[in-house]
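Just below is one structure, and these are the notes that go with it.
When a ligand or atom number is given, it counts from 1 through the structure's own listing order. Numbers here simply count residues along the sequence, with the first being 1. In this text the structure is predicted, and so the values were computed from the model without any measurement.
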Amino acid sequence: MQILEDMSLALQQGRKPKVEELVGQALDLGLSPKQILEEGLLDGMGIIGEKFKCNEVFVPEVLVAARAMNAGAALLKPYLTEEDAVNKGTVVLGTVRGDLHDIGKNLVKMMMEGRGLTVIDLGVDIPAERFIEAAIEHDACVICCSALLTTTMDQMKNVVDLANSQGVRGKFKIMVGGAPVTETFCRDIGADRYEADAASAAEAALEFCQS
Ligand code: B1M
């Protein structure tokens, strides 16, 4: 669809106001938030990712695209949130230590809030200690760790190990995700659940909080 193609292109060009304008127009046209997210915003981010990999674009271009992505996604947030949602449980979420990628994490947050969960978003570059402290402080049922780098995904094991060594492993579930993370990795480090995308992560967290 032309408007979604234009949105993808504007995102790749890092044109934040244009992306915001097109998201607004797409909503006015009655397109679903899911379609706008997947076929407009995530499509553009995917193309930028491929170009980044091939050295066709560099960090500054990716950063402005990321800013446009986050701005567009923020406009979709109210439409992805259940009306009058009651708190169905608390999740502590963050990107692990050494890792600054937050677009996927922000989508996970949005989807979780959309399912009525309260999300304590710790941000990026979060050490294992902080995840555990926050989970205890907020009486969370789930800790959710995101990592985008093969060099940082091992930090997730530190979260699991620390919970074990502090004797608090039974107090909450630990979920992991992000592009390099797999089901096998999740099992190997002793985490409770791997999910590949934000919507499935929200579904799984809700299940944990309600069980
Ligand atoms: Co970075 N980067 N980056 N980067 N970056 C990748 C990840 C990379 C694959 C690009 C590449 O070379 N092909 C590569 C990693 C290679 C590797 O480790 N094997 C890479 C690299 C190398 C780097 C730097 C080292 C580059 C450098 O400086 N030389 C550097 C590292 C900085 C650091 O973190 N310390 C770096 C920097 C950056 C920017 C700052 C420029 C920017 C981040 C901006 C930001 O996030 N605010 C950036 C970006 C944008 C990317 C790419 C292009 C896009 C990532 C993204 O946002 N995708 C990425 C290439 C790519 O992925 N194709 C790349 C969209 C997002 C929606 O997907 O985050 O996967 P994702 O989230 C998904 C799922 O994974 C899942 O839900 C989301 C969708 O539903 N999910 C979860 C995510 N977290 C979850 C948690 C869960 C469950 C599901 O918990 C249960």
Side-chain angles (χ1 to χ4, degrees), residues 8 11-12 14 16 33-34 36-74 76-77 80 91-115 117 119-127 131 135 140-156 159-160 172-183 185-187 189 191-209:
S8 167
L11 187 144
Q12 293 166 50
K16 179 170 163 259
K34 187 169 179 287
I36 298 170
L37 181 66
E38 287 175 1
E39 295 175 29
L41 302 178
L42 287 178
D43 180 81
M45 210 58 224
I47 294 171
I48 272 287
E50 280 309 308
K51 290 186 173 170
F52 189 35
K53 191 169 155 184
C54 305
N55 289 323
E56 287 173 33
V57 298
F58 300 97
V59 171
E61 287 100 317
V62 181
L63 265 180
V64 287
R67 208 169 302 141
M69 164 83 206
N70 278 331
L76 296 177
K77 186 175 170 185
L80 296 167
V91 177
V92 163
L93 169 70
T95 303
V96 298
R97 175 175 244 162
D99 200 322
L100 303 176
H101 295 84
D102 69 356
I103 298 174
K105 170 188 73 63
N106 294 343
L107 284 180
V108 170
K109 178 182 181 186
M110 204 179 286
M111 295 294 177
M112 287 184 171
E113 289 180 339
R115 302 304 305 269
L117 293 161
V119 179
I120 310 296
D121 181 3
L122 301 177
V124 297
D125 190 19
I126 303 304
F131 279 105
C141 36
V142 177
I143 288 180
C144 189
C145 305
S146 178
L148 263 285
L149 299 171
T150 45
T151 48
T152 60
M153 58 195 277
D154 283 339
Q155 290 290 329
M156 293 171 166
V159 178
V160 176
F172 37 73
K173 300 292 183 188
I174 299 179
M175 289 177 47
V176 292
V181 182
T182 61
E183 183 73 56
F185 175 80
C186 169
R187 216 173 315 118
I189 65 168
D192 296 298
R193 186 89 162 236
Y194 158 74
E195 290 296 345
D197 63 81
S200 313
E203 189 64 45
L206 189 60
E207 255 173 50
F208 279 139
C209 289

Show me which atoms of ligand 1 lie under 4.0 Å from any heavy atom of [X].
X: Glu195; answer: 88 (C), 89 (C)
X: Cys145; answer: 86 (C), 90 (O)
X: Ala179; answer: 70 (O), 75 (O)
X: Leu107; answer: 67 (C)
X: Met45; answer: 50 (C), 65 (C)
X: Lys53; answer: 13 (N)
X: Cys144; answer: 87 (C), 90 (O), 91 (C)
X: Met175; answer: 91 (C)

Flag the pair [X] / [Y] as yes when at least one side-chain heavy-atom distance between them is below 4.5 Å, and no otherwise.
X: Lys105; Y: His101; answer: no
X: Asp121; Y: Asn106; answer: yes
X: Leu107; Y: Met69; answer: yes

N or O contact, Asp102 vs ligand 1, cut-off under 3.5 Å: yes
Ligand 1 to Asp197 polar contact by distance, N or O atoms, under 3.5 Å: no
Salt-bridge contact Lys51-Glu61 (side-chain N to carboxylate O under 4.0 Å): no
Less than 4.0 Å from [atom], is there any heavy atom belonging to the protein?
atom: atom 52 (C) of ligand 1; value: no
atom: atom 88 (C) of ligand 1; value: yes
atom: atom 8 (C) of ligand 1; value: no
atom: atom 13 (N) of ligand 1; value: yes
atom: atom 74 (C) of ligand 1; value: yes

Protein residue, atom and distance nearest to [atom], heavy-atom basis:
atom: atom 34 (O) of ligand 1; answer: Leu100 N, 2.6 Å
atom: atom 84 (N) of ligand 1; answer: Ser146 OG, 2.7 Å
atom: atom 42 (C) of ligand 1; answer: Val62 CG1, 3.8 Å
atom: atom 68 (O) of ligand 1; answer: Gly104 CA, 4.4 Å
atom: atom 41 (C) of ligand 1; answer: Val59 CG1, 3.6 Å

Which is closest to [atom] in terms of heavy atoms, [options]?
atom: atom 25 (C) of ligand 1; options: Ile143, Val124, Asp192, Leu149; value: Leu149
atom: atom 61 (C) of ligand 1; options: Gly44, Gly49, Ala205; value: Gly49
atom: atom 17 (C) of ligand 1; options: Thr152, Leu37, Thr150; value: Thr150
atom: atom 79 (C) of ligand 1; options: Ala198, Pro60, Gly98, Gly94; value: Ala198

Contact with ligand 1 for Asp99, non-hydrogen, under 4.0 angstrom: yes
Proximity flag Ala196 to ligand 1, non-hydrogen atoms under 4.0 Å: yes
Looking only at atom types and distance, does a side-chain atom of [X] sit under 3.5 Å from a main-chain N or O of [Y], one as donor and one as acceptor?
X: Thr152; Y: Gly98; value: no
X: Glu50; Y: Gly46; value: no
X: Asp192; Y: Ile174; value: yes

For atom 1 (Co) of ligand 1, the closest N/O/S atom belonging to His101: NE2
Leu93 side, atom CG; Leu117 side, atom CG - distance, nearest 0.5 Å: 11.0 Å
Where Phe185 and Met156 come nearest, the two heavy atoms and their spacing: CE2-SD, 3.9 Å
Ile103, portion touching ligand 1 at heavy-atom distance under 4.0 Å: both
Part of Thr151 within contact of ligand 1 (heavy atoms, under 4.0 Å): neither
